[in-house]
Number of protein chains: 2
Amino acid sequence: MKPTEPMPVRIKIASILRREILAGEFAPGEELSLTDLGARFGVSRTPVREALQALASEGLIQLRMNRGAIVQKIDDKFIMDHFEIRALLESEAAARATKHLEQLLPMAQLHRSMLERISTVEQEEFVAYNQTFHMSLWEAADSQRLTHFLMDLWNGSSIGKTTDGGEHRVKALREHEEILQCIFLKEPEKAREAMRKHLLRSMENILASYHNQ
Amino acid sequence: MKPTEPMPVRIKIASILRREILAGEFAPGEELSLTDLGARFGVSRTPVREALQALASEGLIQLRMNRGAIVQKIDDKFIMDHFEIRALLESEAAARATKHLEQLLPMAQLHRSMLERISTVEQEEFVAYNQTFHMSLWEAADSQRLTHFLMDLWNGSSIGKTTDGGEHRVKALREHEEILQCIFLKEPEKAREAMRKHLLRSMENILASYHNQ
DNA sequence: CCCCTAAAAATTGTATACAATCTTCCAAAA
DNA sequence: TTTTGGAAGATTGTATACAATTTTTAGGGG
């Protein structure tokens with residue numbers, strides 16, 4: 001087993017800043033200084049600069065020529081727009097997945113295991129399962145391009161508190177079940193709609209936790 | 001008037017490499033060396049490196065830790081997947097635009113002017129109009145997030161030859177007309193479908209010119 | 001007191017230097 | 001002959017140095 005995964009510094013810094021921006025820890029429009037951030041993380045400006053460029057490409061900050069970066073305002077509208085886009089793309093993935101059922105079998109097995117043990121699984125395991133569920137569908141959609149954009153959107157979906165009560169997990173699991181049934185019955189449009197409902201309800205959950213911060 | 005627009009080197013290099021990759025001027029899987037590209041463009045590795053990271057975030061190349069970059073294979077499937085995503089998002093934009101008609105008036109005027117003069121406009125002017133048409137709809141959709149992703153997809157849509165005969169222009173103009181009518185009649189679902197048809201037909205055009213290279 | 005100008009300071013953009021990792025290649029052992 | 005180990009070379013990741021642009025600030029004129 002790998003002791004610790006080697007990760008470029010720019011990725012780590014981008015992850016930290018992404019989480020902080022989405023958590024609302026910066027004021028909208030606040031300026032991000034390369035020197036300050038470098039000092040904070042104990043690295044030079046180079047990887048910080050690269051991290052900021054990555055965040056700009058995700059739309060979380062704005063890069064202005066020779067004038068530094070300012071953080072985007074993350075409000076309800078931002079979150080709703082974000083999930084609308086994710087819903088459009090991930091619904092398409094669910095619809096397409098009906099054409100590649102065999103690829104879904106391992107995930108479906110994990111899903112059944114979850115159904116049985118849901119009351120006793122740790123939060124960490126559920127998060128991992130949830131990620132496997134969604135990403136397996138992306139893969140089954142058989143579109144590198146779709147997977148790529150959904151990965152981007154996934155990173156930006158970790159908004160607000162991560163510790164929601166077990167109630168959300170049960171609902172999510174039921175919705176996953178419905179999505180899978182539509183897919184295995186080869187009903188692309190029903191799968192699309194089920195995925196859309198699932199994501200928009202998750203969004204409501206996130207909006208609620210976002211307000212309670 | 002500005003004499004020459006100042007642009008970061010990384011943007012220029014990214015634009016050049018993007019066009020070349022989409023034009024198929026690199027073999028799929030070909031390795032891109034920072035040193036070589038720096039020498040080619042007469043700059044240091046730093047802006048080249050940043051350009052490659054931008055292209056990686058667009059999915060045009062793959063960055064491997066400590067092992068350089070390899071170019072993505074651009075084939076019919078890539079193009080079709082690309083336009084499917086663009087169709088999903090830009091259809092949504094068209095549907096949403098029905099809620100902000102006033103923002104569309106300047107573009108609609110330009111459109112009418114095009115209708116009248118189509119037989120005499122230069123290619124360059126039509127390209128500018130086409131960009132205005134699409135981006136005005138994005139703006140009218142009133143979703144920064146949607147605009148951001150569509151801008152990304154727009155950059156990646158310049159595949160193959162740019163000089164298609166005037167026939168395509170007439171067809172595109174007719175389709176634009178249909179889209180605008182649906183929007184101004186406040187029929188979001190019809191607008192969505194019209195935009196989808198427009199983009200998928202444009203895709204066919206691009207696929208054809210791509211094959212003839 | 002306000003506004004305009006210019007020099008100084010600070011910040012970003014690019015180039016270069018250094019460190020860490022990977023690849024290549026050759027020799028020695030099985 | 002094939003394989004393995006490791007040193008040399010090449011390439012990427014990060015740090016630092018330099019150049020260019022912007023922001024700040026101090027001072028003089030209105």
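Convention: sequence-line order gives letters A, B, ...; per-chain numbering from 1. Note that the structure is a prediction, hence the values are computed from the model and not measured.
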d([atom1], [X]; [atom2], [N]) in whole Å:
X: Ile11(B); N: dT12(C); atom1: CD1; atom2: C1'; answer: 14 Å
X: Met65(B); N: dT11(D); atom1: CE; atom2: P; answer: 18 Å
X: Arg10(B); N: dA15(C); atom1: CZ; atom2: C1'; answer: 16 Å
X: Asn66(B); N: dA10(D); atom1: CG; atom2: C1'; answer: 12 Å
X: Arg49(B); N: dT16(C); atom1: CZ; atom2: C1'; answer: 14 Å
X: Arg64(B); N: dT12(D); atom1: CZ; atom2: P; answer: 10 Å
X: Met7(A); N: dT21(C); atom1: CE; atom2: P; answer: 16 Å
X: Leu34(B); N: dC22(C); atom1: CG; atom2: P; answer: 16 Å

OP1 or OP2 of [N] sitting under 4.0 Å from any side-chain N/O of [X]?
X: Thr46(A); N: dT14(D); answer: no
X: Arg45(A); N: dT16(D); answer: no
X: Arg67(A); N: dT21(D); answer: no

Exercise. Taking side chain as C-beta onward, heavy atoms only, is Phe184(A) less than 4.5 Å from Thr98(A)?
Worked result: no
Problem set entry | His148(A)/His82(B) under ring pair (Phe, Tyr, Trp, His ring centres under 6.0 Å): CA gap, chis, key distance, verdict | CA-CA 11 Å; His148(A) 180 266; His82(B) 177 89; over 10 Å; no
Seminar exercise, completed: Per atom distances to the Thr35(B) side chain, the nearest of dT14(D), dT12(D), dT14(C) is dT12(D)
For this session: Test His111(A) against His176(A) for side-chain hydrogen bond (donor to acceptor under 3.5 Å, both in side chains), laying out the working first.
Result: CA-CA 8 Å; His111(A) 172 74; His176(A) 286 186; 4.9 Å; no
Exercise. Please walk me through it: do Ser113(B) and Arg117(B) pass side-chain contact (heavy atoms from CB on, under 4.5 Å)?
Worked result: CA-CA 6 Å; Ser113(B) 156; Arg117(B) 304 185 292 113; 3.1 Å; yes
For this session: Pick base, sugar-phosphate or nothing for Leu32(A), based on heavy-atom distances below 4.0 Å to the nucleic acid.
Result: sugar-phosphate
